[in-house]
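Notes to accompany the following structure.
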Amino acid sequence: MAFPLLVYLSNPSSTLVTFHWFARLLLSICSGQVANRPQPYLVDAGFNRTKTIQRDEFIRVAIGDDGLAYAHPQQSSGALLAACESQGYLHIKANTPIEYGCSYSFYPFNGF
């Protein structure tokens, strides 16, 4: 049983996203609580990215003093530091470029 644990530990950021979106809800339901998904806020991006990804992404971002969302420079699934230095996820739908000043759904970590 050690192998599956090692797989999850090698991708801590992926594990965190999976816990927030799936395991937390399952644990709530199993314990008899009402399971609610967090409500997003629309936040404007403070960066551009023309490359598109073929799956939905949850980019770890911090909200600057100007109210814009700035992506942490390290978005690797193996880098947990990005979550420690960020305030939440910017949800980018599949095949969507990120444009400076455009609004995207932001899910703050404290909403989970």
Side-chain angles (χ1 to χ4, degrees):
M1 293 302 272
F3 179 72
L5 181 61
L6 289 176
V7 170
Y8 289 114
L9 292 177
S10 66
N11 294 304
S13 291
S14 296
T15 303
L16 182 65
V17 171
T18 301
F19 176 81
H20 278 150
W21 289 102
F22 303 109
R24 185 188 63 80
L25 291 173
L26 179 62
L27 290 172
S28 294
I29 292 167
C30 290
S31 65
Q33 298 177 10
V34 175
N36 294 317
R37 291 213 179 264
Q39 294 300 306
Y41 302 92
L42 288 179
V43 175
D44 294 344
F47 62 102
N48 289 308
R49 188 185 73 190
T50 56
K51 178 183 175 185
T52 61
I53 308 294
Q54 294 183 349
R55 58 175 164 67
D56 282 21
E57 288 186 279
F58 294 92
I59 298 176
R60 280 138 347 254
V61 298
I63 306 301
D65 292 337
D66 55 5
L68 298 175
Y70 293 95
H72 192 278
Q74 180 54 269
Q75 293 292 321
S76 167
S77 63
L80 193 56
L81 182 64
C84 297
E85 295 179 344
S86 299
Q87 295 166 316
Y89 303 114
L90 199 64
H91 181 205
I92 307 299
K93 296 199 182 278
N95 302 309
T96 303
I98 303 170
E99 298 179 33
Y100 183 95
C102 287
S103 297
Y104 301 92
S105 294
F106 171 71
Y107 293 89
F109 289 146
N110 65 6
F112 288 96

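Keep in mind that this is a model prediction, so the values were computed, not measured. Index from 1, following the sequence.
In this structure, Cys84 SG and His72 NE2 are separated by 8.5 Å, a value rounded to the nearest 0.5 Å. Rounding to the nearest 0.5 angstrom, the gap separating the CD atom in Gln39 from the OG atom in Ser105 is 10.0 Å. Taking CD1 from Ile29 and CZ from Arg24, the interatomic distance works out to 10.0 Å, rounded to the nearest 0.5 Å. Considering CG of Asn95 and CG of Asp56, their distance stands at 9.0 Å, rounded to 0.5 Å. Separating the CG atom in Leu42 from the OG atom in Ser103 is a distance of 5.5 Å, to the nearest 0.5 Å. Between the CZ atom in Arg37 and the OH atom in Tyr107 there is a gap of 8.5 Å [rounded to 0.5 Å].
The nearest pair of heavy atoms linking Ile98 to Ala45 is CG2-CB, 3.8 Å. Residues Ser14 and Ser77 approach most closely at OG-CB, 2.9 Å, considering heavy atoms. Between Pro38 and Gly111, the closest heavy-atom pair is CB-O, 3.5 Å. The heavy-atom pair separating Ala83 from Leu16 by the smallest distance is CB-CD2, 3.5 Å. Taking all atoms of both residues into account, the shortest heavy-atom contact from Tyr41 to Pro108 is CE1-CG, 3.6 Å. Shown here for Ile59 and Ala71, the closest heavy-atom pair between the two residues is CG2-CB, 3.8 Å.
With contacts defined as side-chain heavy-atom distances shorter than 4.5 Å, the pair Gln87/Tyr70 does not qualify. Looking at Cys102 and Asp44, their side chains never come closer than 4.5 Å, going by heavy atoms from C-beta outward. At a threshold of 4.5 Å between non-hydrogen side-chain atoms, the residues Ile63 and Val43 count as touching. Between Pro97 and Thr52 there is a side-chain heavy-atom pair separated by less than 4.5 Å.
Side-chain N or O atoms of Gln74 include one that pairs as donor or acceptor with a backbone N or O of Ser76 at under 3.5 Å. A donor-acceptor pair is defined here as one N or O able to donate and one able to accept, closer than 3.5 Å; such a pair exists between the side chain of Ser13 and the backbone of Ala79. No donor-acceptor distance shorter than 3.5 angstrom exists from the side chain of Thr96 to the backbone of Ile92, with no hydrogens or angles considered. The main-chain N or O of Ala94 is never found under 3.5 Å from a side-chain atom of Gln54 such that the two would form a donor-acceptor pair.
Tested against His91 for a ring-ring contact (aromatic ring centres under 6.0 Å, His included), the candidates Phe58, Phe106, Tyr104 yield a single pass: Phe58.
A donor and an acceptor atom, one from each side chain of Tyr89 and His20, are located under 3.5 Å apart.
Atom CZ of Phe112 has more than 12 heavy atoms from other residues, nucleotides or ligands within 6.0 Å.
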